[in-house]
Amino acid sequence: MRRTRIAIAALAVAGPIHAQARTLPQAVRNYVSVDAPVVAITHVKLVDGTGTPAKNDQTIIIRGEKIASVGPFGAATVPADARVIDGTGKTVIPGLIGLHDHMYYSGMQFMGVSYPRLFLGAGVTTIRTTGSVDSYQELNLKRRIDSLLTPGPNIVVTGPYLQGAGLGPGAMHPLSGTEDARRMVRYWAEEGVTWFKAYTQISRADLAAAIDEAHKRGVKVTAHLCSVGFREAVALGIDQLEHGLLTNTEYYSGKQPDVCPQADDSVMYGALDVNSPDVQRTFREMVAHHVAMTSTLDVFELSSPSRIPRDQRVLDALYPAASASVAQFYESGKSAKDSVHRATLKKSMEFERAFVKAGGLLGAGSDPCCISAIAGYGDQRNYELLIEAGFTPEQAIQIMSANGAKILGFDKWLGTIQPNMQADLVLIGGDPVRTPGDIRNTEIVFRRGIGFDSAKLRESIKGLVGLR
Ligand SMILES: [Zn+2]
């Protein structure tokens with residue numbers, strides 16, 4: 001058992017598997033529209049993930065699991081044996097990397113059937129689960145997807161939440177001290193998880209012990225903080241921080257050590273200036289210690305129903321009772337008095353822009369936990385929200401792809417559309433650079449060179465989200 005585990009871990013580090021010929025089982029073929037040794041996408045607009053301006057009329061050639069070449073149509077030679085896809089009027093972006101993409105929806109129920117297909121169909125080809133409610137289910141699902149037995153994204157499995165003493169919700173184990181923190185990290189690292197997420201009530205001492213134990217095993221730690229401030233966590237050696245501003249309590253005058261303050265967001269952040277020395281100091285320390293941040297604007301937006309666009313696809317994906325309550329939620333937006341929350345959302349956007357301006361590395365994730373924020377569609381909403389925050393469309397894509405790859409340590413083989421990178425890319429109908437909402441028109445999602453049919457994946461999970 002141990003030997004197998006090590007082999008899987010080694011593969012994950014080494015990068016893509018170079019299968020010669022592959023035979024896909026029916027369970028996967030049902031959702032595949034392109035499976036050819038050589039594929040050429042011609043005349044397509046390209047956003048390559050590097051942040052550089054989009055290029056028109058490009059040809060992308062995929063050979064096996066890798067991107068073979070990328071260039072202007074006139075300069076490219078399309079191999080005679082290539083399956084040619086005319087990309088006129090369409091756009092290609094890298095497969096999205098969701099850094100806060102749980103495998104559970106409301107009630108912390110594991111969505112092992114609907115979420116993998118929903119992520120993939122929406123163009124999210126890699127997820128980090130960032131707080132797991134069932135790490136064994138995630139590890140098993142990951143192995144099935146890696147072996148091409150079922151469709152889904154590449155999964156970076158996180159251990160169960162590292163939560164402080166007291167009442168942890170649902171599947172969380174409340175830590176009883178530093179030895180307990182080390183024991184938990186040790187156990188799950190040996191089982192094969194590669195990240196942990198610390199949570200809102202953890203103490204500095206327990207967090208320090210968990211980080212130390214994880215790093216001894218080459219495993220990383222991120223956190224949704226509250227009891228510990230960003231700068232404190234950076235000093236303890238944390239690798240990443242989730243959610244951005246609304247989980248950083250260090251600017252609040254009433255903050256007590258190791259205690260999550262019970263103050264309204266408007267009290268804690270209302271008057272905060274993201275250019276103040278205090279905030280800039282946080283950014284400086286994060287940058288100096290290479291601590292990246294994950295933007296999850298779509299889940300912050302849930303507090304402002306008045307500005308959330310109704311998405312029929314979300315209503316279709318949810319099981320009937322959940323769908324009815326989200327329909328009500330959309331309806332409530334028409335009369336919601338949520339200007340205070342809207343202002344806090346704006347402040348979060350400013351915080352993220354200022355972090356990047358200060359040299360910070362920003363990734364993104366959807367936190368598909370609740371109400372209308374569900375797998376894949378939440379990530380697509382993030383694209384619009386990052387543009388609203390002031391990033392260019394090309395930067396927003398970079399945050400959602402290449403930056404994610406960098407944070408996960410995958411950037412040598414994943415996250416951009418360049419020769420020799422793994423062929424994880426998304427063909428979109430329309431032009432999301434000009435019309436951000438076009439990001440929803442995913443047509444074919446390539447993962448490891450296999451083209452999955454977005455519509456079929458979407459169709460197959462109708463009514464399932466919230467159930468399984
Ligand atoms: Zn979360």
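Hydrogens, waters and symmetry mates are skipped; everything else that's a heavy atom, side chains included, is used. Counting starts at 1 for both ligands and their atoms, in listed order. Just so it is clear, the model here is predicted, and its values are computed rather than measured.
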Given ring pair (Phe, Tyr, Trp, His ring centres under 6.0 Å), test Phe283 with Phe351 step by step and report yes or no.
-> CA-CA 10 Å; Phe283 295 159; Phe351 187 79; 4.9 Å; yes
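The minimum heavy-atom distance linking Lys347 with Val274 is given by the pair O-CG1, 4.3 Å.
Within the structure, the ring-ring contact (aromatic ring centres under 6.0 Å, His included) test picks out no pair touching residues 306-338 (sequence neighbours left out).
The Zn ion (ligand 1) does not have His243 among its coordinating residues (no N/O/S atom, backbone or side chain, under 2.8 Å). Inclusion of His224 in the first shell of the Zn ion (ligand 1) is not supported: no N, O or S atom falls under 2.8 Å.
Distances from the Zn ion (ligand 1) to each N, O or S atom of Asp367 single out OD1 as the nearest.
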Residues 458-468, side-chain donor-acceptor partners within the protein, below 3.5 Å, at least two apart:
unit_1, atom_1, unit_2, atom_2, d
Ser460, OG, Arg117, NH1, 3.0
Ser460, OG, Leu457, O, 2.8

